[in-house]
2 protein chains.
Amino acid sequence: MLLRYTRRRAGGSLVKTVIGVHSRTMARDIQERIKKLIIDRRLAPGAPLPTETDLMALLGVSRNSVREALKALQAMGIVEIRHGFGTYVGPMSMAPMTEGLAFRTVAGHYRGEDSLLQLLELREAVETGLIARLAGQVPAADLAELDELVARMAAEAADGAVRADTDRAFHAALYRGLDNRLLSEVLDAFWEAFHRVRTDLAGLGADPRVTHRQHADILAAVRGGDAQRAEQAVRRHFDNIRQRLRSSGPK
Amino acid sequence: MLLRYTRRRAGGSLVKTVIGVHSRTMARDIQERIKKLIIDRRLAPGAPLPTETDLMALLGVSRNSVREALKALQAMGIVEIRHGFGTYVGPMSMAPMTEGLAFRTVAGHYRGEDSLLQLLELREAVETGLIARLAGQVPAADLAELDELVARMAAEAADGAVRADTDRAFHAALYRGLDNRLLSEVLDAFWEAFHRVRTDLAGLGADPRVTHRQHADILAAVRGGDAQRAEQAVRRHFDNIRQRLRSSGPK
DNA sequence: CTAGCTCAGTTGGTTAGAGCAGCTGACTCT
DNA sequence: AGAGTCAGCTGCTCTAACCAACTGAGCTAG
């Protein structure tokens, strides 16, 4: 693959040059080969991978190259490395996405973008879009769990602040009804990225009683099968968070 | 952080051991420090980072460790490395997520899971959830672009097959109206992951005329401001893809 | 017999130094 | 001026050695 670009000479004239984009780097190749190995051998998450020494022999490259490839795969959650123990197929969770999103948001924030708000609005767009289909469709078991979580919020609100875990569990339990594990993981990743960045940058601080009441509203609407009311309740919830974000403000 | 687990002794009795989960690895530390460097210096995507040699001196670690950290950051899209030129702040796009999702899906598929279907249903859930809010709200400029894309689909359908790019551009232009760059990127990442895995595993093959007509339906409904019809049109579109998936089948 | 310790062996982590490979910018030649 | 050359950056790969974490089996004391 070739790429064309111009550069300025000393005289001031422009010259076109063709440069290779290559990227045909060893570590990159090795990554692909290890991925292929996982697929070809049908290795499940948790299954052991060859040792670094074995991989050197198997792939015919040096230890450094093997390690660089493994580090990259580790960053993607594809492998898991345990010192003194071995290398294993990773959990393939959405954790790396959370990581990437969080960093992107923090970096953007410090450069003056409203990236945190954008992340919140991503969540709002997706969750309000999904809630309507959930109204009246939530399994009884999940409703019971949601009841318990709302009760816990009430108790925690009385103590001063709703725990982050409780909020997270509520959102997780709510969308579990859509019966798509991948979707649940993605939503949870969004939640965690937002939460991490928010506590890092803006400090927390919503009125816990408002938080409790809004979750109770969402649950009631969903249980009642009223799609429109459910959507409004979710939107109000996000409005509340947004307002808190704006007031604690661009710092 | 400590983790407890059991192991079986030769004699058959069980022993509890406490092992450190550590992960207090050098490369991991360095990753954090480089991230911090990007944030502290407010470096924008494309900005140059210190050379490997500079980083060695700056962080007081060996070259290998610096490189392993950079490889990991590269895998997350946080830095971009160009051989013989330098290291730069990466685009922070959703490309790594696409990569991870695609691999996860392929690996799951070969292990007998219906991961590709799950990915499709993730897209379906999110897109059908969003489309209602779009009905009647798409800017005129986007509508014009969508018209052109549908026309192009018609032309391509006559030639035998709708190009993947065209389909992708349609979905991108459609949700652009939600005015959230992050959301657009996420949806595009889902699209690309699905498309990559699908062509790899199942081969393509939808009836191009059906594809064209369904996109035209979606556009018409959105233009007409009919939220319910728009949602149905999107759902039908995904139903079609799902059917094709099932027929080309679990192989 | 059991609980607990020790230690050799395996596996990943880190460092160092050398040489290879790609790109730039200035210099030189025509 | 335009085109080719090359010194000097930058990242890439390899080798070799040693450090650090964990396992499993054997040993010791009770």
Side-chain angles (χ1 to χ4, degrees), chain A residues 1-31 34 48-74 79-88 90, chain B residues 1-31 34 48-74 79-88 90:
Chain A
M1 177 178 169
L2 294 174
L3 185 70
R4 215 175 299 274
Y5 78 106
T6 59
R7 64 180 163 131
R8 177 169 294 278
R9 299 191 65 177
S13 60
L14 288 177
V15 180
K16 280 184 195 296
T17 315
V18 180
I19 61 172
V21 150
H22 305 278
S23 307
R24 196 188 305 161
T25 142
M26 190 89 277
R28 197 72 93 160
D29 274 1
I30 300 176
Q31 285 178 45
I34 294 177
L49 254 44
T51 67
E52 292 184 351
T53 315
D54 288 345
L55 285 173
M56 286 171 62
L58 189 61
L59 306 175
V61 294
S62 80
R63 185 143 177 238
N64 274 346
S65 298
V66 168
R67 284 183 53 77
E68 288 183 7
L70 286 177
K71 283 292 175 188
L73 292 175
Q74 184 185 37
V79 308
E80 194 178 330
I81 305 177
R82 289 200 264 168
H83 187 176
F85 194 31
T87 307
Y88 299 81
Chain B
M1 180 175 168
L2 293 175
L3 187 69
R4 217 174 302 272
Y5 78 107
T6 58
R7 63 181 164 132
R8 177 169 294 279
R9 296 192 64 177
S13 59
L14 286 179
V15 180
K16 279 186 197 292
T17 315
V18 180
I19 62 170
V21 149
H22 306 280
S23 307
R24 198 188 304 161
T25 143
M26 188 90 281
R28 198 72 94 161
D29 274 1
I30 300 177
Q31 284 177 46
I34 294 177
L49 252 45
T51 66
E52 292 184 353
T53 314
D54 288 345
L55 284 173
M56 288 171 62
L58 189 63
L59 306 175
V61 295
S62 78
R63 183 111 186 256
N64 276 346
S65 298
V66 168
R67 285 183 52 76
E68 287 182 6
L70 286 176
K71 283 293 175 189
L73 292 175
Q74 184 185 38
V79 308
E80 193 178 330
I81 305 177
R82 287 200 264 167
H83 186 176
F85 194 33
T87 307
Y88 300 81

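Labels below follow one simple rule: chain letters A, B, ... track the order of the sequence lines, proteins then strands, and each chain is numbered from 1. Just so we're clear, the structure is a prediction, and the values are computed from it rather than from any experiment.
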Rounded off to whole Å, could you give me the [atom1]-to-[atom2] distance for the [X] and [N] pair?
X: Arg28(A); N: dT13(D); atom1: CZ; atom2: C1'; result: 16 Å
X: Gln31(B); N: dG13(C); atom1: CD; atom2: P; result: 12 Å
X: Leu49(B); N: dT10(D); atom1: CG; atom2: C1'; result: 13 Å
X: Met26(B); N: dC19(D); atom1: CE; atom2: C1'; result: 13 Å
X: Arg63(A); N: dG13(C); atom1: CZ; atom2: C1'; result: 7 Å
X: His83(A); N: dA21(D); atom1: NE2; atom2: C1'; result: 4 Å
X: Ile81(B); N: dT13(D); atom1: CD1; atom2: P; result: 10 Å
X: Glu68(A); N: dT15(C); atom1: CD; atom2: P; result: 14 Å

* Asked: Is there side-chain contact between Asp29(B) and Leu59(B), with at least one heavy-atom pair below 4.5 Å?
  -> no
* If we only count heavy atoms from C-beta on, is the Lys71(A) to Thr25(B) side-chain gap below 4.5 Å? -> yes
* **Test applied, side-chain contact (heavy atoms from CB on, under 4.5 Å); reference residue, Leu55(B); option that passes from Leu49(B), Val66(B), Val61(B)** => Val66(B)
Can you see if the side chain of [X] gets near the phosphate of [N] - specifically, an N or O under 4.0 Å from OP1 or OP2?
X: Thr87(A); N: dG12(C); value: yes
X: Arg82(B); N: dT10(D); value: no
X: Thr25(A); N: dG11(D); value: no

Which pair of heavy atoms, one from [X] and one from [Y], lies closest together, and at what distance?
X: Ala27(B); Y: Ala69(B); result: O-CB, 3.6 Å
X: Pro50(B); Y: Thr87(B); result: O-CB, 4.5 Å
X: Met56(B); Y: Ser62(B); result: CG-C, 4.0 Å

* Structure fact -> dist Gln74(B):CD -> Glu68(A):CD (nearest 0.5 Å) comes out at 9.5 Å
* Does Asn64(B) get its side chain close enough to the base of dT15(C), under 3.5 Å, for a donor-acceptor pair? -> yes
* For DNA chain C, find the residues of residues 50-62 of chain A with a heavy-atom distance under 4.0 Å and give them by number; none if there aren't any. => Thr51(A), Glu52(A)
